[in-house]
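Report on one structure; see the data block that follows.
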Amino acid sequence: MPELHDIRQAVEIRNRLLEVPASYIPLSYWSDIATAADGSIFILLALQNRHTVYKLDSDGTVLQKFTGDYGKGHLLAVHQNRLAIADAAGQQVTLYALP
């Protein structure tokens, strides 16, 4: 996933700029993970300006990448052919139809 380098760099920059002594922002490459009924894994990437989700098979092989609307994504849910991404701070849920 090419975004992982940028996520790590963003966390490192934020930690250098953090002005609270003995504090840091923990490195997290994803905001949430969900599994589908068929065993596939969906990963919602952290620190993206658009909803970015990767679909992996049960062995971790990347099958697809979904790029959605602009906005923050904190929580992820998958049910049948639908994907829901929630922005906890903005109190908004965006639904996507899976191909």
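Bear in mind the structure is a predicted one, so any value in this text is a computation, not a measurement. Just so it is clear, the values below take in all heavy atoms, side chains as well, and ignore hydrogens, waters and symmetry mates.
Linking ILVMFWY residues whenever their side-chain heavy atoms come closer than 4.5 Å, directly or via other members, places Leu4 and Leu56 in the same cluster. Hydrophobic clustering keeps Leu83 apart from Val93 (ILVMFWY residues linked when any side-chain heavy atoms are closer than 4.5 Å, directly or through intermediates). Leu27 and Met1 fall within the same hydrophobic cluster, where Ile, Leu, Val, Met, Phe, Trp and Tyr residues are linked whenever their side-chain heavy atoms come under 4.5 Å apart, directly or through other members.
Although no hydrogens or angles enter the test, the distance criterion places no donor-acceptor pair under 3.5 Å between the side chain of Tyr29 and the main chain of Glu3. The backbone N or O of Ala97 lies less than 3.5 Å from no partner atom in the side chain of Asn81, so there is not a single donor-acceptor pair.
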**Report entry** Derivation and outcome, side chain to side chain contact (heavy atoms under 4.5 Å, CB included), residues Gln9 and Leu47
**Finding:** CA-CA 11 Å; Gln9 189 174 31; Leu47 301 175; over 6 Å; no

**Report entry** Test side chain to side chain contact (heavy atoms under 4.5 Å, CB included) applied to Tyr96 and Asp69, step by step
**Finding:** CA-CA 10 Å; Tyr96 298 97; Asp69 292 338; 3.6 Å; yes

Query raised in the report: Can Ser40 and Asp38 be said to form a side chain to side chain donor-acceptor pair (under 3.5 Å), step by step?
Result: CA-CA 6 Å; Ser40 57; Asp38 66 358; 2.6 Å; yes

Query raised in the report: Can Thr67 and His51 be said to form a side chain to side chain contact (heavy atoms under 4.5 Å, CB included), step by step?
Result: CA-CA 6 Å; Thr67 304; His51 299 153; over 6 Å; no

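Classified by interplanar angle (parallel below 30°, tilted 30° to 60°, perpendicular above 60°), the ring pair Phe42/Phe66 is parallel.
With Val53 as the partner, the side-chain contact (heavy atoms from CB on, under 4.5 Å) test is satisfied by one option alone out of Ile43, Ile85, Leu98: Ile85.
Considering every non-hydrogen atom in both Ile7 and Ala46, the closest pair reads CD1-O, 3.3 Å.
Counting only residues at least two apart or in different chains, salt bridge (Lys or Arg N to Asp or Glu O under 4.0 Å) contacts with residues 5-33 comprise Arg8-Glu12.
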